Amino acid sequence: MASPVTSRRTAVPAGLTTGSAQGAMPALEALVPPETLPASVRAAVSAIAGAAGAWCPAPSPDGTRIAYVSDRSGLPRLELADLDGSAAPAVLSAPGEEVISVSWSPDGAWLTYLVSPGGSICAELRGVRPDGTGHRVLAGADPRATVFAGAWAGPRHYACSIAPGSGPDADVVLVDVVSGELRTLASGGFLSVTAVSPDHRTVLARRGPRAFRHVVVIDVATGLQRRVVRLDQPGGIASEDGRFSADGRSVHLRASLPGLPFTDRAALVEVPVDADGVPSPGRRVLYRPGADLDGYAVRPDGTVLALWNVEGISELCVHDLADGGLLRTVPLPGSVLTGWALLPGQDAVVAELSGPRSPRGLWRVPLDAQRAPELLTCTPAQPDPALLVEPVLHEYVAPDGLRLSGWLYTPPGLDGPNRTVVSFHGGPEGQTRPDWSPITQSMVAAGLTVFAPNVRGSGGFGRAFMTADDGAAREASFDDVRTTVDELVTAGIAAPGRVGAHGWSYGGYLTLVALTRWPELFAAGASLAGMSDLRTFFAGTEPWMAAASVTEYGDPVTERDLLAALSPMTTLDRLTAPVLLAHGDRDTNVPVAESVQAHQALQARGACSDLLLFAGEGHAIVGREALVELGQRLAAWFDRWL
């Protein structure tokens with residue numbers, strides 16, 4: 001029986017350790033300790049999985065300092081640094097706080113930041129002054145409530161969304177960071193604040209379930225909601241990330257407008273609104289037929305800074321707002337840009353960039369293309385690039401003609417078929433990109449080839465591709481799993497009979513699906529925080545998460561039979577490969593019971609399985625000790641069974 005897995009918080013409670021279910025028939029010994037790996041590999045994995053980063057940049061209003069999140073201490077915390085690097089970063093969050101994101105008030109007097117209490121998805125909103133004083137809990141103290149980041153509405157008021165946890169909705173709430181007063185501005189549906197108008201009379205919020213969200217404009221005085229992209233326009237199905245123009249006379253948003261050329265892709269749309277927030281028909285400002293718009297900023301000089309996702313790689317471009325014309329492309333020192341902020345008073349941004357060989361770091365990126373990007377000194381030291389590999393994009397075609405692709409990581413000096421792990425991303429509307437993936441690089445360090453595919457249902461390839469697995473159509477995405485393995489073997493990448501499956505969240509679910517539907521294809525598997533039964537997932541997850549997931553998986557009441565048919569728990573008797581199940585014991589997004597019940601069922605059947613529960617961790621494993629432990633366990637697991 002394996003020893004309990006600990007984290008930076010506490011040990012696993014008794015009865016929730018690894019090993020066989022009490023009273024079950026003896027199962028094949030599954031434990032594979034990290035010590036089975038050579039010492040050099042363990043050291044490499046420790047360096048890779050333990051590498052620190054910095055992300056979520058928030059510049060001060062005067063452009064001299066930067067607030068951000070870093071895990072250099074072993075736990076994500078709020079740090080503050082001078083942009084010129086003249087002093088060591090200061091830590092503003094309290095000891096033990098797991099920080100998610102940060103925002104700076106327009107007058108520079110306050111920082112608000114979200115905290116994951118003990119790894120829980122039910123985030124709290126906290127506030128602190130830049131000098132470290134005035135620390136306080138502002139919202140979300142109820143352990144059932146979840147706070148979602150929003151936007152400032154003046155120097156002392158922060159507009160955010162709060163889901164009370166008693167139902168599927170989230171309300172728009174105005175928080176006075178000085179007095180602590182909370183005032184509900186709008187209710188009805190799951191509302192996530194994206195912007196506040198310059199006169200503070202209206203709020204923009206995203207509303208709706210996954211893949212069918214749309215932006216509404218809310219009148220603060222009455223709470224009346226109006227859809228920004230009007231229904232009398234062509235399409236108008238999906239829109240998000242709404243922002244007001246500087247004069248408040250129009251709204252910009254990312255939108256997919258079916259029926260117009262190229263608009264299956266996320267594009268930038270401008271919609272005029274009157275003084276009462278009533279929208280008029282809008283116009284497309286920017287679109288690209290082979291790229292999705294990931295983010296944007298409309299600038300006072302009449303230009304738009306657009307972040308494009310092109311086959312998973314980020315491109316930062318400056319466009320003319322009037323006609324959408326490309327003015328210049330801004331060179332980036334990393335392949336994927338996931339967070340950014342304009343630097344006040346400068347023609348530059350602070351960008352959160354990563355790549356396959358570099359964790360998330362903060363860069364000052366000039367927009368004039370005349371100066372080189374500069375890595376901020378507050379970014380933690382990067383790992384030795386010699387330990388890491390660059391992936392290549394590998395494309396292939398499904399039997400129905402749909403183009404698929406993924407990123408192939410190959411150990412150095414390898415020639416010919418190899419032991420291969422197919423690694424599925426979460427979401428399912430997530431996307432595997434050539435960014436920092438310590439778990440992938442840890443497996444490669446153990447001599448394993450890793451292929452990370454984007455099966456149908458992934459983001460980054462247009463709306464039709466992303467929704468191609470909704471509901472009963474999910475079977476088609478399952479078929480992409482077999483297509484992927486066949487491609488890897490036929491192409492001489494994977495050694496037949498030595499293929500593993502791995503994934504986190506939805507990827508963990510897809511791993512269990514793969515192991516039960518095609519047991520002959522996989523020699524081992526590892527599911528991290530994956531769903532094992534969609535029916536119990538809906539019953540156990542947060543109410544707002546369940547409501548948002550109906551369009552993705554199916555209705556837990558009216559389509560219960562569909563959910564059963566799509567659930568690995570109903571076919572676990574077909575699983576023959578050794579399977580490792582890992583989960584944070586504070587996870588309420590995909591409840592930890594999803595892994596526990598699968599392990600218990602497998603042990604009762606005498607199957608080869610192991611269960612790792614990380615104490616104090618939530619849906620994402622973020623503590624350094626836990627990450628290193630996970631990296632070594634996964635590398636050892638696949639090294640043993642492949």
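This one's a predicted model, so the numbers in the text were calculated from it and none came from an experiment.
In terms of the side chain to side chain donor-acceptor pair (under 3.5 Å) criterion, Ser161 has no residue partners (sequence neighbours excluded). Legend: residues meeting ring-ring contact (aromatic ring centres under 6.0 Å, His included) with Tyr509, ordered by chain and number and at least two apart, are Tyr506. Every side chain to side chain contact (heavy atoms under 4.5 Å, CB included) that Pro383 has, sequence neighbours left out, goes to Ala51, Pro359, Leu388, Trp436. For Ser166, the side chain to side chain contact (heavy atoms under 4.5 Å, CB included) criterion is met by Pro164, not counting sequence neighbours. By the side chain to side chain donor-acceptor pair (under 3.5 Å) test, Arg456 is found to be paired with Asp400, Asp480, residues two or more places apart in sequence or in another chain being considered. Listed by chain and number, the residues in a side chain to side chain donor-acceptor pair (under 3.5 Å) with Thr467 amount to none (sequence neighbours excluded). In this view, Tyr68 satisfies the ring-ring contact (aromatic ring centres under 6.0 Å, His included) rule with no residue, not counting sequence neighbours. With sequence neighbours excluded, the residues that form a side chain to side chain contact (heavy atoms under 4.5 Å, CB included) with Asp639 are Leu37, Arg419. For Asp435, the side chain to side chain donor-acceptor pair (under 3.5 Å) test picks out no residue, with sequence neighbours left out. Residues satisfying the ring-ring contact (aromatic ring centres under 6.0 Å, His included) test with His619, not counting sequence neighbours, are Trp504. When the side chain to side chain contact (heavy atoms under 4.5 Å, CB included) test is applied to Cys160, the partners found at least two apart in sequence or on another chain are Leu125, Val147, Tyr158, Ile162, Val175.
When all heavy atoms are compared, the tightest approach of Phe614 to Ala582 is CE1-CB, 4.2 Å. In this structure, Ser46 and Val628 approach most closely via the heavy-atom pair OG-CG1, 3.7 Å. The minimum heavy-atom distance linking Thr588 with Cys122 is given by the pair OG1-SG, 4.5 Å. Between Ala468 and Ala473, the shortest heavy-atom distance links the atoms O-CB, 3.4 Å. Across Val455 and Ser477, no two heavy atoms sit closer than the pair CB-O, 4.4 Å. Between Ser595 and Leu611, the shortest heavy-atom distance links the atoms CB-CD1, 4.1 Å.
Ile48 contributes atom CD1, which lies 11.0 Å from atom CE of Met443 (distance to the nearest 0.5 angstrom). Note: Arg360 CZ to Ser70 OG = 10.0 Å, rounded to the nearest 0.5 Å. Atom CH2 of Trp544 is separated from atom CD1 of Ile121 by 3.5 Å, given to the nearest 0.5 angstrom.
In this structure, the side chains of Met569 and Glu594 stay at 4.5 Å or more apart for every pair of heavy atoms. Proximity of Met531 to Thr541: side-chain heavy atoms (C-beta onward) are nowhere separated by under 4.5 Å. Leu528 has its side chain within reach of Leu634: a pair of non-hydrogen atoms, C-beta onward, lies under 4.5 Å apart. Residues Pro453 and Leu404 are not in side-chain contact: their nearest non-hydrogen atoms beyond the backbone lie 4.5 Å or more apart. No side-chain heavy atom of Val32 sits less than 4.5 Å from a side-chain heavy atom of Phe638. Annotation: side chain of Pro591 is in contact with side chain of Phe537 (closest heavy-atom distance under 4.5 Å). At a threshold of 4.5 Å between non-hydrogen side-chain atoms, the residues Ser354 and Trp55 do not count as touching. The shortest side-chain heavy-atom distance between Trp641 and Phe522 does not fall under the 4.5 Å cut-off.
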Might you work through the side chain to side chain contact (heavy atoms under 4.5 Å, CB included) test for Asp71 and Val622, ending with a clear yes or no? CA-CA 8 Å; Asp71 60 351; Val622 300; over 6 Å; no
Evaluation steps, side-chain hydrogen bond (donor to acceptor under 3.5 Å, both in side chains), between Ser314 and Arg433: CA-CA 9 Å; Ser314 296; Arg433 307 178 70 177; 3.2 Å; yes
Start with the C-alpha distance between Gln431 and Ser458, add both sets of side-chain angles, then the distance that settles side-chain hydrogen bond (donor to acceptor under 3.5 Å, both in side chains), and finish with yes or no. CA-CA 5 Å; Gln431 180 188 8; Ser458 303; over 6 Å; no
Can Asp241 and Arg206 be said to form a side chain to side chain contact (heavy atoms under 4.5 Å, CB included), step by step? CA-CA 7 Å; Asp241 198 15; Arg206 188 185 68 192; over 6 Å; no
Salt bridge (Lys or Arg N to Asp or Glu O under 4.0 Å) evaluation trace for Glu520 with Arg482: CA-CA 11 Å; Glu520 73 282 2; Arg482 173 150 206 154; 3.1 Å; yes
Passes side chain to side chain contact (heavy atoms under 4.5 Å, CB included), His394 versus Ile493? Steps please. CA-CA 11 Å; His394 183 84; Ile493 296 169; 3.9 Å; yes
Verify salt bridge (Lys or Arg N to Asp or Glu O under 4.0 Å) between Glu35 and Arg42, making sure each step is shown before the conclusion. CA-CA 8 Å; Glu35 289 73 23; Arg42 295 201 307 273; 5.5 Å; no
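With Thr516 contributing its side chain and Arg574 its backbone, the two residues share no donor-acceptor pair below 3.5 Å. Using a distance-only test at 3.5 Å, with no hydrogens or angles considered, a donor-acceptor pair links the side chain of Gln441 to the main chain of Val389. Of the possible polar contacts, one joining the Glu352 side chain to the Cys56 backbone as a donor-acceptor pair under 3.5 Å is found. A donor-acceptor pair under 3.5 Å is absent between the side-chain atoms of Ser527 and the main chain of Thr511, judged by distance alone. Remark: side-chain polar atoms of Asp292 are not paired, donor with acceptor, to backbone N or O of Asp294 under 3.5 angstrom.
If you check the side chains of Asn418 and Thr449, you find a donor sitting under 3.5 Å from an acceptor. Gln597 and Thr536 share a side-chain donor-acceptor pair at under 3.5 Å.
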For residues 557-568, which side-chain N or O atoms pair as donor and acceptor with protein atoms under 3.5 Å away, sequence neighbours left out?
from	atom 1	to	atom 2	distance (Å)
Glu559	OE1	Asp555	N	2.7
Ser567	OG	Asp533	OD1	3.4
Ser567	OG	Leu534	N	2.9
Ser567	OG	Leu563	O	2.5

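Tested against Ile100, the residues Leu114, Val69, Val115 include a single side-chain contact (heavy atoms from CB on, under 4.5 Å) partner, Leu114.
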